[in-house]
Trainee: 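Structure below; questions to follow.
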Amino acid sequence: MAITREEVLHVAKLASLELTDEEVERLTGELSAILDAVSKVSELDLSDVPPTSHPLELVNALGSEDPGEDEPRPSLPLDDVFANAPARERDLFKVPPTA
Amino acid sequence: MIDTLRLTVEEALGLLERREVSGSELHRAYLDAVGARDAELHCYLRTVEGAEGDGVPIALKDVISTKGVETTAGSKILAGYVPVFDATVAARCREAGLPVIGKTNTDEFAMGSSTENSAYGPTHNPWDPERVPGGSGGGTAAAVSAGLAPWGLGSDTGGSIKQPSALCGNVGLRPTYGTVSRFGVVAFASSLDQIGPVAKNVRDCARLYSIVAGKDAADSTTVDVPRVELPEGESLQGLRIGVPKEMNEAEGIEPGVTAAVQQAIELARELGADVGECELPRSVEYGLACYYLIAPAEASSNLARYDGVRYGLRVDADTYYEMVERTRDAGFGDEPKRRIMLGTYALSAGYYDAYYGQAQKVRTLIAREHAAAFESFDLLVSPTSPTVAFKLGEKAADPLAMYLSDLLTIPSCMAGLPGLNVPCGLSEGLPVGLQLIGPQLSENTLFKAGHALERAIGFDPVPERLR
């Protein structure tokens with residue numbers, strides 16, 4: 001299952017990875033080999049098999065002891081939120097402009 | 001003088017109870033051991049001086065968030081990242097009074113089978129430092145075997161607890177999916193990741209499981225867990241053990257591994273178990289392909305958060321998108337990049353149904369095959385790893401060869417099933433691990449069987465060269 005250089009560049013864009021030329025070349029080869037191996041799954045006719053997204057059959061697990069409860073609680077303090085921030089300005093994460 | 005090389009958790013508890021040693025003295029003893037002997041092995045990425053707690057000190061894999069202690073997940077993209085909160089499992093250890101010895105080495109973002117993908121250098125196997133300890137949890141497993149921790153927590157997605165325990169010769173449990181909280185654990189593949197205990201013997205392992213397991217309001221994928229029973233018996237009377245043909249006769253299993261596992265199965269018979277053959281026709285054949293589609297797909301989503309905006313590495317640039325793309329290229333190593341690319345591709349428009357969609361259906365097949373086997377058997381057994389510890393560098397250049405290390409651990413992971421590694425012998429002087437797999441929530445059965453086998457096998461978990 002060969003993946004083309006163009007496809008690699010496209011996927012890299014989707015994944016927000018600025019790959020070097022060496023990486024693009026190497027990954028094209030590696031991904032082709034891996035895709036070849038994993039495409040094996042298409043050998044099977046699974047038209048009437050439902051997909052499993054999750055090993056346990058949990059429904060409506062809302063992560064609270066009482067599903068009806070919705071009590072506001074304090075959030076993370078702002079100083080904690082920014083504790084590892086590369087650049088902070090007032091209460092904002094500072095980043096370069098988008099354009 | 002505390003001999004950390006041999007000390008089990010149960011023995012340490014005795015020392016503490018009889019006040020022959022204090023919690024801080026015990027912690028100090030392990031820190032000293034790390035100082036004296038970890039340069040050769042590199043099990044730890046950092047130690048924690050002055051950690052509080054009167055209990056038995058513990059090692060934590062560096063994917064587990066520890067408040068105030070740097071947590072890197074073995075990646076440069078999180079260099080210097082200090083969590084402002086404890087993962088639930090770390091908090092439960094803290095509440096139990098277990099002082100943290102340090103954070104152990106891991107393949108980057110838990111992706112790997114040898115710990116060679118750590119951005120901070122590999123860990124070496126204490127049985128033979130020229131060999132790998134397994135991965136991704138090589139640091140924890142090597143630390144326990146080398147007497148640099150009496151027990152530890154690892155994480156397992158496709159075998160990252162079980163396989164290092166096999167290669168290092170100790171006991172590791174991958175619990176039933178949902179029994180241990182993933183809150184605060186650096187996510188790799190959310191439908192597969194589980195935190196689990198690593199120790200020198202089954203009873204210590206069970207004890208740690210009982211400390212961390214149980215429903216957590218902060219992780220909605222967790223469930224209530226049956227009360228943990230510390231195993232005691234030596235008989236396997238009445239236990240039905242299945243030997244899946246495909247798992248025990250797969251291509252690539254070393255003869256020495258087969259021999260040790262066969263001996264263990266014979267022992268099980270002598271202990272009274274009912275041993276019979278069974279089949280998992282497609283689980284082994286399609287398991288790897290299924291996993292290496294689903295796990296990278298989930299990883300591509302989970303690793304999207306590392307963008308240089310809120311925490312971790314940032315590579316400066318003139319525009320936002322350049323900043324994000326350059327940060328990610330600079331911060332991620334080869335294996336995460338490979339998996340992010342693979343996952344993104346498998347989920348992209350036009351390919352989703354053929355790859356990810358199809359893999360999810362294969363997952364259903366695998367779950368059904370295991371469920372069918374458990375109608376006739378209480379446990380399934382196989383080798384944990386097809387090989388004993390391989391040499392550093394041997395498989396690092398060939399991703400597919402490395403992926404094959406997980407051939408036997410992966411299928412049960414896809415079905416959310418628990419698996420226990422119990423060392424069962426040596427081959428070429430290196431540990432061989434026996435994998436016990438059970439139905440969901442069967443940890444007590446795994447512990448009971450593992451304990452009985454462990455006593456009968458009599459494996460010395462201290463590496464020969466360190467005795």
Trainee: Asp398(B) versus chain A, heavy atoms under 4.5 Å apart: side chain, backbone, both or neither?
Mentor: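 Contact with chain A: none, neither part.
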
Trainee: Hey, is NZ on Lys40(A) packed in by over 12 heavy atoms from elsewhere, all under 6.0 Å?
Mentor: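 Correct, the count exceeds 12.
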
Trainee: Quick one: of Arg282(B), Arg326(B), Met323(B), Met414(B), who has the most non-hydrogen atom pairs under 4.5 Å with chain A?
Mentor: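 Max contact count across the listed options: Arg326(B).
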
Trainee: For Tyr291(B), which atoms come within 4.5 Å of any heavy atom of chain A: side chain, backbone, both, or neither?
Mentor: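 When you check distances to chain A, no heavy atom of Tyr291(B) falls under 4.5 Å.
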
Trainee: For Ala415(B), which atoms come within 4.5 Å of any heavy atom of chain A: side chain, backbone, both, or neither?
Mentor: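 Contact with chain A is through the backbone of Ala415(B) alone.
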
Trainee: Answer with side chain, backbone, both or neither: which region of Arg363(B) has an atom nearer than 4.5 Å to a non-hydrogen atom of chain A?
Mentor: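 Looking at Arg363(B), backbone and side chain both touch chain A.
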
Trainee: Quick check on the interface: out of Leu27(A), Ile34(A), Leu14(A), who has the most heavy-atom pairs with chain B under 4.5 Å?
Mentor: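 Ranked by contacts with chain B, first place is Ile34(A).
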
Trainee: Given heavy-atom pairs under 4.5 angstrom as the criterion, report whether the side chain, backbone, both or neither of Met341(B) touches chain A.
Mentor: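 When you check distances to chain A, atoms from both the backbone and side chain of Met341(B) fall under 4.5 Å.
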
Trainee: Which answer fits Tyr306(B), side chain, backbone, both or neither, if we ask what part of it has an atom under 4.5 Å from a heavy atom of chain A?
Mentor: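 Contact with chain A is absent: no heavy atom of Tyr306(B) under 4.5 Å.
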
Trainee: Going by distance alone, is a donor N or O of one side chain under 3.5 Å from an acceptor N or O of the other, for Glu322(B) and Thr319(B)?
Mentor: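 Yes, Thr319(B) and Glu322(B) have a side-chain donor paired with an acceptor closer than 3.5 Å.
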
Trainee: Whether the Ser53(A) and Gln360(B) side chains hold a donor-acceptor pair (N or O, under 3.5 Å, no angle test) is what I'd like checked.
Mentor: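 Looking only at side-chain atoms, Gln360(B) and Ser53(A) do not form any donor-acceptor pair under 3.5 Å.
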
Trainee: Is it the backbone or the side chain of Glu285(B) that comes under 4.5 Å from a heavy atom of chain A, or both, or neither?
Mentor: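 Both backbone and side chain.
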
Trainee: Chain A heavy atoms under 4.5 Å from Phe332(B): which part of the residue, side chain, backbone, both or neither?
Mentor: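 When you check distances to chain A, only side chain atoms of Phe332(B) fall under 4.5 Å.
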
Trainee: Is the distance between the ring centroids of Tyr345(B) and His10(A) less than 6.0 Å?
Mentor: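 No.
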
Trainee: If we define contacts as heavy-atom pairs under 4.5 Å, which of Tyr321(B), Phe85(B), Tyr286(B), Tyr81(B) has the most with chain A?
Mentor: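 Answer, by heavy-atom pair count under 4.5 Å with chain A: Tyr286(B).
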
Trainee: Which one wins on heavy-atom pair count under 4.5 Å against chain A: Thr176(B), Thr344(B), Leu365(B)?
Mentor: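 Among Thr176(B), Thr344(B), Leu365(B), the one with the most close pairs to chain A is Thr344(B).
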
Trainee: Looking only at heavy atoms and a cut-off of under 4.5 Å, which of Val84(B), Leu417(B), Leu192(B) has the most pairs with chain A?
Mentor: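 Counting heavy-atom pairs under 4.5 Å, the top option is Val84(B).
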
Trainee: Heavy-atom cut-off 4.5 Å, strictly under: side chain, backbone, both or neither for Leu400(B) against chain A?
Mentor: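 The side chain, not the backbone.
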
Trainee: Below 4.5 Å from any heavy atom of chain A, which atoms of Ser348(B) appear? Answer side chain, backbone, both or neither.
Mentor: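 For Ser348(B), side-chain heavy atoms alone lie under 4.5 Å from chain A.
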
Trainee: Is Glu25(A) atom CD crowded by more than 12 heavy atoms from other residues, nucleotides or ligands, each under 6.0 Å away?
Mentor: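 Open: at most 12 neighbouring heavy atoms sit under 6.0 Å from CD of Glu25(A).
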
Trainee: Look at atom CZ of Arg5(A) and say whether more than 12 heavy atoms of other residues, nucleotides or ligands are closer to it than 6.0 Å.
Mentor: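 For Arg5(A), atom CZ is not crowded (no more than 12 foreign heavy atoms under 6.0 Å).
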
Trainee: Taking atom CD of Glu22(A) as the centre, report whether more than 12 heavy atoms of other residues, nucleotides or ligands fall under 6.0 Å from it.
Mentor: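 Atom CD in Glu22(A) is crowded, with more than 12 foreign heavy atoms closer than 6.0 Å.
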
Trainee: Go through Val324(B), Leu288(B), Asp334(B) and name the one with the most non-hydrogen pairs under 4.5 angstrom from chain A.
Mentor: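 Heavy-atom pairs under 4.5 Å are most numerous for Asp334(B).
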
Trainee: Thr66(B) and Thr71(B): side-chain donor and acceptor closer than 3.5 Å?
Mentor: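 Yes - a donor-acceptor pair under 3.5 Å links their side chains.
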
Trainee: If we only count heavy atoms from C-beta on, is the Leu303(B) to Phe188(B) side-chain gap below 4.5 Å?
Mentor: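 Sidechains of Phe188(B) and Leu303(B): no contact.
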
Trainee: Report which part of Tyr177(B) has an atom under 4.5 Å of a heavy atom belonging to chain A: side chain, backbone, both, or neither.
Mentor: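 Its backbone and side chain both get close to chain A.
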
Trainee: For Ala317(B), which atoms come within 4.5 Å of any heavy atom of chain A: side chain, backbone, both, or neither?
Mentor: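 The answer is the backbone of Ala317(B).
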
Trainee: Let's test your reading of the structure: which of Asp318(B), Val309(B), Leu313(B), Ile340(B) forms the most heavy-atom pairs below 4.5 Å with chain A?
Mentor: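 The option with the most such pairs is Val309(B).
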
Trainee: Specify which of Pro86(A), Ala99(A), Ala85(A) makes the most heavy-atom pairs with chain B at under 4.5 Å.
Mentor: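 Most heavy-atom pairs within the cutoff with chain B belong to Pro86(A).
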
Trainee: Taking NZ, NE, NH1 and NH2 as the nitrogens, is one of them in Asp79(A) or Arg88(A) under 4.0 Å from a carboxylate oxygen of the other?
Mentor: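 Between Arg88(A) and Asp79(A) there is a salt bridge, with a charged N closer than 4.0 Å to a carboxylate O.
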
Trainee: Flag the pair Glu108(B) and Lys76(B) as a salt bridge only when some basic side-chain nitrogen lies within less than 4.0 angstrom of an acidic carboxylate oxygen.
Mentor: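 No, this pair does not count.
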
Trainee: Please classify the contact of Thr327(B) with chain A as side chain, backbone, both or neither, using a heavy-atom distance under 4.5 Å.
Mentor: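 Neither part.
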
Trainee: Will you find, in the side chains of Thr157(B) and Asp193(B), an N or O donor that is under 3.5 Å from an N or O acceptor?
Mentor: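 Side-chain D/A pair, Thr157(B) to Asp193(B): present.
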
Trainee: Is it true that Glu18(A) and Arg328(B) make a salt bridge, defined as a side-chain N closer than 4.0 Å to a carboxylate O?
Mentor: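 Salt bridge absent between Glu18(A) and Arg328(B).
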
